[in-house]
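The next block holds one structure in the form of structure tokens; read it before the comments.
Remember, predicted model here, so these are calculated numbers, not experimental data.
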Amino acid sequence: MTDRRGVVARRAEDLILGVPYVRGWNRARRSAGALAGQLMLLGLDSDFPGLTADVNIFGDGLVELGTVRPDAAARLAELITAGLQAELCDTSAGAPAPARRQAPAA
């Protein structure tokens, strides 16, 4: 099974010559480490014990969250949403306010 981007392809178990598996896995390892660090800061590291780096048959790095409880997945979704909202607020606060049109004097 694969999605339209080819990310959800089979794991690389039988390696094919010329596919950059190490590069993909190393990128996934760095990303999984960054996520693990953030989860630790939030006290959620124990909720994601299956967090690992992997690589698919195309050499694409994958970060697997593993099996998680529904409340842990909901909390992660809330944190992502809060982060996106904060980012949007920062972006809109930094942009100059649009000029208001003055009504013509009567």
Side-chain angles (χ1 to χ4, degrees):
M1 175 173 83
T2 184
D3 64 336
R4 62 186 168 87
R5 294 184 189 175
V7 175
V8 189
R10 290 188 339 251
R11 292 181 53 227
E13 294 174 358
D14 297 323
L15 305 183
I16 301 169
L17 188 64
V19 177
Y21 297 109
V22 174
R23 184 181 317 145
W25 180 83
N26 196 34
R27 184 171 181 216
R29 185 182 59 83
R30 286 192 309 269
S31 296
L35 179 57
Q38 293 300 309
L39 290 171
M40 189 179 308
L41 289 174
L42 296 165
L44 296 175
D45 51 317
S46 62
D47 290 322
F48 294 87
L51 178 65
T52 59
D54 206 345
V55 65
N56 68 15
I57 59 172
F58 303 116
D60 300 320
L62 304 172
V63 175
E64 296 183 7
L65 297 178
T67 303
V68 297
R69 293 187 323 251
D71 58 325
R75 181 69 179 136
L76 182 59
E78 290 169 6
L79 290 167
I80 291 170
T81 302
L84 290 172
Q85 288 174 343
E87 190 175 296
L88 286 173
C89 288
D90 286 347
T91 302
S92 61
R100 288 193 167 167
R101 293 181 59 171
Q102 298 289 334

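- Residues V68 and A73 approach most closely at CG2-CB, 4.1 Å, considering heavy atoms.
- Y21 OH to D60 CG: the interatomic distance, rounded to the nearest 0.5 Å, is 10.5 Å.
- With sequence neighbours excluded, no residue satisfies side-chain contact (heavy atoms from CB on, under 4.5 Å) with V22.
- Screening residues 20-34 for salt bridge (Lys or Arg N to Asp or Glu O under 4.0 Å) gives no qualifying pairs among residues at least two apart or on separate chains.
- Shown here are the salt bridge (charged side-chain N to carboxylate O under 4.0 Å, His left out) partners of E78, two or more places apart in sequence or in another chain: R75.
- Minimum interatomic distance between S31 and V63 (heavy atoms only, all atoms of both residues): CB-CG2, 4.0 Å.
- Every residue two or more places apart in sequence or in another chain that forms a side-chain contact (heavy atoms from CB on, under 4.5 Å) with I80 is listed here: L76, L84.
- Rounding to the nearest 0.5 angstrom, the gap separating the CG atom in L62 from the CG atom in N56 is 5.0 Å.
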Contacts under 3.5 angstrom, residues 35-53 side chains, donor-acceptor by atom type, not counting sequence neighbours:
from : atom 1 : to  : atom 2 : distance (Å)
D47  : OD1    : R69 : NH2    : 3.0

